[in-house]
Amino acid sequence: MNLVKLDEHQNNGATGGAKKDHFLGIFLVTIAFGYIFNYFLKSQLLEIILSIGIAVFIILSLSALEGSLKIITYFLLIAAITILVGVRAPFGEWLDGVRVNLTLVSIFTLVPLLGIPVRLGGYLESLKQLFARVNPKSSFVFLVTQALAHALGVVFNIGSISILHYLSKAAPIQSPRLLVSAINRGFLSVIFWSPYFGAVAVVLSMLSTKWGTILPYSLGFVLVSFFVSFSVDWSLIQKSDASFALEMSATKEDAYAPHLNNRFVKKKVIELFLLLLVMMMIVLGIEFFTGLEVAVIICLVALLFPMLLSFFQRNQAIYLVELKGHVFKTLPRMRKEVVLFLVSGFFSAAFMKTDMSNTLITLVTGIFGGFTIGIAYCIVLVIVLSSVAGLHPIVPVTVFASSFDPSLLGFSPEYFSILLLASWGVSSTISPATASSNLLANLWHIEVTRIAFRWNMKYGIVMAILLPIYLEVVGV
């Protein structure tokens, strides 16, 4: 009898947990919808409702936090509340502070929906087989994996990591370190420039910088990151070449694709390329002709494009299954990162109410004077060290972007934007607190500190050293 009651209690607990997850997923989507509506309506009432909704979401999600993420989030939340109470901020400023990172959270919530067209089109299997038929060496696998992580990451955001984890099974490479490092660095280098990333939208909006003005310089630094990534792991790549070639020669192509011919595979890969290109062109075209913010356009495209494509392909049932999976399963699992994003934005808003930003600017300029590259290194060092310590890069970057006037530091808005975005991307590779590092660790069953510190530390240090030098050389 007691066992029956225990089972009933456990089942009720599981059911209650599932209901809470469903509620949080719907709640998060509702907040993202609120962001879109408020962009067009500019309603003060809607802003208040959004702020209250975000506060409720934070409270409901705090219990899910664990470890260092819990400590950091609670510290930022308590510090923000303490500051706002200390400066006697009006209630309206509290509400405004809660919404600081609403743009980032909305993109983080909706952009993964752009992965649905890939699954609807059945492209993954064709990509997997094409990758297997190339018969490459480790060096080629490393570069292609990093390039794919970058290309897919532009559109699919963090969803690209799961896609590439699946695709990596097609390559009989012996080193998980090479695959994980290539995916991690390729994906995070997208933060340098992609308008699909909330990081770019947040920094550019805070610094009033046009995306097109930073694009050439940011893409140049992406090429630098690829070269550095390949160089720091060159010895490991050479060591794995022999065993990799042996494995490839022993693997029959039929083991990968007994049912698909080369013509079909090429057709599907071209179709996938065109699909990605169309989605990119839609976003850029709408921005060009309407002048809407990129963040809003991306959210709208993520919502409407997969749905319309599913109707066109008559895959509405599969689309609904994918949509429910995202809302009821994926989003609840992401709520820890979402809470951190929201709380860090709240903290940065509170930080702006203090005189600390002016004090820090005075201190930095007093030490370095007009030596801008020294100031740049100081900023990069703060972001990198805090990331290594377990603080998500969004925290220092948001504080710098929201409270520092680049002109007082001797920077142009474009220079400061690239400095912050590139620092965010680089430091994310060596941070154990980012969503990408934790997802990679979970998929490959590897300690997240091993990925961040042992596999990417050399890459992160070299990139941090090169960043200010690169900005000085290209003359942003």
Side-chain angles (χ1 to χ4, degrees), residues 66-69 108 111-112 115 118 124 127-128 131 138 141-192 194 196-199 222 225-226 228-230 232-233 236-237 240 329-331 333-338 340-341 384 387-388 390-394 424-461 463:
E66 298 175 346
S68 60
L69 189 64
F108 196 70
V111 162
V118 172
L124 297 185
L127 274 176
K128 177 181 177 182
F131 189 71
S138 295
V141 172
F142 185 86
L143 288 174
V144 168
T145 302
Q146 186 164 345
L148 278 175
H150 189 88
L152 295 178
V154 170
V155 178
F156 304 124
N157 205 289
I158 199 168
S160 62
I161 292 178
S162 298
I163 292 174
L164 284 167
H165 172 255
Y166 171 72
L167 292 178
S168 68
K169 298 174 183 177
I173 190 170
Q174 297 299 305
S175 174
R177 175 174 178 173
L178 289 180
L179 288 172
V180 170
S181 297
I183 293 173
N184 197 27
R185 298 166 192 170
F187 168 72
L188 290 171
S189 61
V190 179
I191 296 177
F192 299 170
S194 174
Y196 286 85
F197 268 66
V222 170
S225 74
F226 272 60
V228 171
S229 177
F230 189 78
V232 296
D233 280 333
L236 183 63
I237 292 170
S240 66
K329 294 181 181 180
T330 304
L331 288 182
R333 288 199 298 263
M334 294 161 56
R335 68 181 183 271
K336 298 177 184 179
E337 287 76 22
V338 171
L340 177 61
F341 295 161
V384 169
S387 299
V388 172
L391 191 65
H392 196 286
I394 190 177
W424 186 333
V426 170
S427 60
S428 293
T429 63
I430 54 179
S431 172
T434 57
S436 56
S437 295
N438 282 277
L439 179 58
L440 285 164
N442 180 264
L443 291 173
W444 263 272
H445 306 290
I446 299 169
E447 289 291 332
V448 66
T449 52
R450 188 178 184 187
I451 294 174
F453 300 152
R454 292 183 58 186
W455 293 359
N456 284 293
M457 186 60 70
K458 186 187 296 185
Y459 165 82
I461 291 174
M463 289 294 291

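- Taking CZ of F142 as the start and CZ of R177 as the end, the distance is 9.5 Å to the nearest 0.5 Å.
- Side chain of S437 to backbone of S431: a donor-acceptor contact under 3.5 angstrom is found.
- A distance of 11.0 Å separates CG of L164 from CD of Q146, quoted to the nearest 0.5 Å.
- Of the inter-residue distances, the one linking L188 atom CG with M463 atom CE reads 11.0 Å to the nearest 0.5 angstrom.
- In this structure, OG in S387 is found 11.5 Å from CD1 in I394, a value given to the nearest 0.5 Å.
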Per-pair distances, 0.1 Å, donor-acceptor, side chain in residues 453-461, under 3.5 Å, sequence neighbours excluded:
{"residue": "N456", "atom": "OD1", "partner": "R185", "partner atom": "NE", "Å": "2.8"}
{"residue": "N456", "atom": "OD1", "partner": "R185", "partner atom": "NH2", "Å": "3.4"}
{"residue": "N456", "atom": "ND2", "partner": "I451", "partner atom": "O", "Å": "2.8"}

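- In terms of modelled atom types and a separation under 3.5 Å, the side chain of S428 and the main chain of W424 share a donor-acceptor contact.
- Using a 4.5 Å heavy-atom threshold, the side chains of P112 and T330 count as separate.
- No donor-acceptor pair under 3.5 Å is formed between the side chain of S194 and the backbone N or O of I191.
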Mind running side-chain contact (heavy atoms from CB on, under 4.5 Å) on W444 and H165 for me, showing each step along the way? CA-CA 8 Å; W444 263 272; H165 172 255; 3.7 Å; yes
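- Taken to the nearest 0.5 Å, the CG atom of N184 stands 13.0 Å off from the OG1 atom of T145.
- Here the CD1-CG distance, from I183 to L178, works out to 11.0 Å after rounding to the nearest 0.5 Å.
- Side-chain contact check for F230 versus I237: some heavy-atom pair is nearer than 4.5 Å.
- Closest approach of S189 and F226 over heavy atoms only: OG-CE1, 4.0 Å.
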